[in-house]
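Quick note on labels: first sequence line is chain A, next is B, and so on, each numbered from 1. Scope of the values below: all heavy atoms of this structure, side chains included, with no hydrogens, waters or symmetry mates.
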Amino acid sequence: MLRTHNCGELRINDVGKKVTLAGWVDKIRDLGGIRFLILKDRYGYIQVVPGDNEKVAETLRKLKPEYVIRVSGTVRKRPDEAVRTDIPTGQVEVVADEIEILSEAQTPPIYTDRDDDTSEELRLKYRYLDLRKPRMQHNIIMRHRIVQTIREYLNKNGFLEIETPMLMKSTPEGARDFIVPSRLRPGKFYALPQSPQLLKQILMIAGFDRYYQIARCFRDEDLRADRQPEFSQIDIEMSFVERDDVIEMAEGLVKYVLEKVFNRKLDKQFKRLTYEEAMEKYGTDKPLTHFGMELQELEELFYDTPVNFIKAVLEKGGTIKGFVVPRDMSSFTRKRIDSYTKMVQELGLGGLIWVKNVDEPRSSIDRISPGISSKIVEHMKIPKGGGALIAAGEREVLNEALGILRVKVAQDMGMIDADELDLLWIIDFPMFEWDDEENRLVARHHPFTMPHPEDMKAYPDDPLKIRSLAYDLVMNGNEIAGGSIRIHSTELQRWVFEKIGITENEANEKFGFLLEAMRYGVPPHGGIAFGLDRFVMILLKEKSIREVMAFPKTTTGADLMMGAPSNVPDEMLKELKIRVMENTREV
RNA sequence: GGGGACGUGGUGCAGCGGUUAGCAUGCCGGUCUGUCACACCGGUGGUCGCGGGUUCGAGUCCCGUCGUCCCCGCCA
């Protein structure tokens with residue numbers, strides 16, 4: 001070893017020890033008669049001062065930030081007036097009697113000692129320097145700890161970690177596949193997994209009973225702050241379980257991570273909302289719930305309303321809903337309400353009605369509908385000083401628009417608590433959805449999800465009414481995990497394929513192996529997959545999953561450090577029997 | 001596929017039609033023996049992303065293009 005200690009571990013009781021350290025030069029503070037050198041590595045920072053030694057002084061003069069050096073010396077207590085309490089090694093320093101330069105460094109093009117400045121473009125190009133920043137070091141280290149804690153939990157609970165192939169088969173449904181040409185079978189392609197969904201089900205059929213994998217997944221879709229073309233899932237599958245068993249296991253995992261890594265103990269069970277409740281109360285299937293302000297039905301107050309635009313909406317089968325703004329309604333100026341109005345109009349609503357309960361109940365429709373304000377205040381239980389925002393429209397549009405407005409208003413009023421752990425399950429998703437573009441039913445979760453047995457009996461001919469045994473875990477307004485109980489009978493599986501317009505032939509061609517496997521004894525099974533990057537992002541309070549990934553890509557899918565994607569030599573294409581269409585290759 | 005923001009010394013920003021493009025930081029040199037974003041003094045450093053247009057005159061206005069970021073669509 002080139003070192004006896006790392007840069008973060010020396011303490012007051014190490015005083016007097018002879019040590020050898022290695023690391024990067026963080027800063028040199030040259031006071032003329034004395035030079036302080038700050039040495040860093042991933043463990044921390046330690047101050048080095050030269051001993052009474054001309055050779056050391058000479059080497060020290062040559063050093064610049066980011067040089068990699070090795071320092072031998074003695075640990076000494078800092079003078080009382082120079083003790084620092086904000087870093088763990090702040091009570092000591094190393095008196096160097098030897099400094100060796102292991103590697104020189106050019107002046108870095110971006111700062112490595114501070115956070116939150118450089119453009120992402122440069123950060124990504126010089127990722128190795130960006131990753132030296134304290135915040136990035138912290139994020140990557142925490143990610144490791146979170147992943148290991150997850151493994152620990154799953155191992156304790158009898159799960160087997162099993163790898164599945166990256167070279168898979170392209171399947172219909174879902175996201176666009178990344179494909180990989182096959183040299184040995186020219187003209188044919190593998191697909192990179194969007195998730196190991198089918199294989200984990202096959203592993204259940206194979207009898208492995210409890211499986212997990214930190215699985216890399218690939219989806220060739222447009223990027224977002226929380227979406228990368230390749231990302232990691234904590235993929236879990238269990239046999240002989242029912243919905244609540246999977247939910248409890250996953251909930252246990254989240255609680256375990258929060259307790260072990262973040263020292264936050266959650267005793268209560270996570271809330272559970274049905275999809276329908278979520279949509280009616282929050283207008284979204286991934287709601288933020290901790291600040292309240294749920295959407296309320298107001299239709300009964302407006303049955304004989306003289307307000308024409310509301311009457312018109314109700315006659316067309318629409319409804320009227322709103323939410324309480326619990327305080328500070330006097331700060332809702334005309335201008336502010338106008339901007340909210342504009343926002344909901346862009347989301348498809350006609351406008352916005354405001355109610356204030358500041359001095360006395362007042363609202364924007366008082367003149368047309370005298371007395372309505374008091375009724376609303378009473379019905380919605382608007383506290384003194386508060387108010388409400390109300391709108392009318394077609395139910396789905398109304399829910400969505402008010403749901404977005406609700407979060408915006410809460411944000412503007414500072415009601416969103418960044419330290420809150422807002423965790424809940426959404427259950428009872430619809431099994432199918434109508435896809436206008438493709439003019440057919442599609443599976444809302446995926447086609448291997450078990451339809452709700454009650455609904456199968458109750459509405460065998462009305463698939464849109466059928467719920468599924470799917471569930472999502474929502475954390476601080478993000479979907480962080482989703483899963484379902486799977487179908488374990490060939491007949492039911494074929495029925496689902498039929499409903500979503502996959503023919504017998506197609507089903508056999510694309511999923512034949514699963515259908516065949518299902519003939520050989522399938523345990524009832526189900527599972528869940530966590531978006532690991534998102535989970536870590538939220539836990540570390542980051543705004544983008546790029547901040548918790550070592551080598552993320554840009555919004556156009558480029559790796560700025562490697563320069564991927566890139567052209568490949570013609571020879572390579574020839575070997576693969578691939579011809580690139582004209583005008584598509586850049587120089 | 002669509003909408004929006006940004007692009008100016010190495011880095012982060014200012015300049016919004018008119019002399020020589022400014023500030024901070026970095027970098028280089030100097031002074032300084034307890035600093036900790038050391039301080040102070042001096043200096044270096046920019047064809048204003050690229051192309052075209054408008055104008056007597058463009059970093060500034062217009063069009064296009066490239067890049068980065070955010071959002072909608074898309075992401076079972």
Trainee: What's the closest nucleotide to the side chain of A/Arg227 if the choices are B/rC69, B/rC74, B/rG34?
Mentor: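 Nearest nucleotide to the side chain: B/rC74.
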Trainee: Counting the atoms with a prime plus P, OP1 and OP2 as sugar-phosphate, which does A/Ala82 contact under 4.0 Å by heavy atoms, base, sugar-phosphate, or nothing?
Mentor: base
Trainee: Searching all strands shown, indicate the nucleotide that pairs with B/rG57 (Watson-Crick or G-U wobble; both distances under 3.5 Å).
Mentor: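 Across all strands, not a single nucleotide pairs with B/rG57.
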Trainee: Find the partner of B/rA37: check Watson-Crick (N1-N3 plus N6-O4 or O6-N4) and G-U wobble (N1-O2, O6-N3) distances, both under 3.5 Å, and reply none if neither fits.
Mentor: none
Trainee: Could you list, one pair per line, each protein nitrogen or oxygen that sits under 3.5 Å from a nitrogen or oxygen of nucleotides 41-43 of chain B, together with the distance?
Mentor:
none

Trainee: Remember a base hit wins even if backbone is also touched, and classify A/Leu560 as base, sugar-phosphate or nothing at under 4.0 Å, heavy atoms.
Mentor: sugar-phosphate
Trainee: I'd like a table of atom pairs between the protein and nucleotides 22-31 of chain B - only N or O on both sides, under 3.5 Å - with the distance next to each one.
Mentor:
| unit_1 | atom_1 | unit_2 | atom_2 | d |
| --- | --- | --- | --- | --- |
| B/rU25 | O2' | A/Tyr111 | OH | 2.8 |
| B/rU25 | O2 | A/Tyr111 | OH | 3.3 |

Trainee: May I ask you to say what A/Pro447 touches in the nucleic acid, namely base, sugar-phosphate or nothing, with a heavy-atom cut-off under 4.0 Å?
Mentor: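 If one applies the 4.0 Å heavy-atom cut-off, A/Pro447 turns out to touch a base.
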Trainee: Rounded to the nearest angstrom, tell me the gap between atom CD in A/Gln47 and atom P in B/rA37.
Mentor: 11 Å
Trainee: Can a donor-acceptor pair under 3.5 Å be found between the side-chain atoms of A/Arg35 and the base atoms of B/rG34?
Mentor: no
Trainee: Ignoring hydrogens and geometry beyond distance, is a side-chain donor-acceptor pair present between A/Gln233 and A/Ser195 at under 3.5 Å?
Mentor: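 Result is no, nothing qualifies.
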Trainee: Scan side-chain atoms only and decide if A/Arg70 and A/Ser72 contain a donor-acceptor pair under the 3.5 Å cut-off.
Mentor: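 The answer is no; no qualifying pair exists.
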Trainee: Within the 3.5 Å criterion, strictly below it, is a donor on A/Arg132 or A/Tyr128 matched to an acceptor on the partner's side chain?
Mentor: no
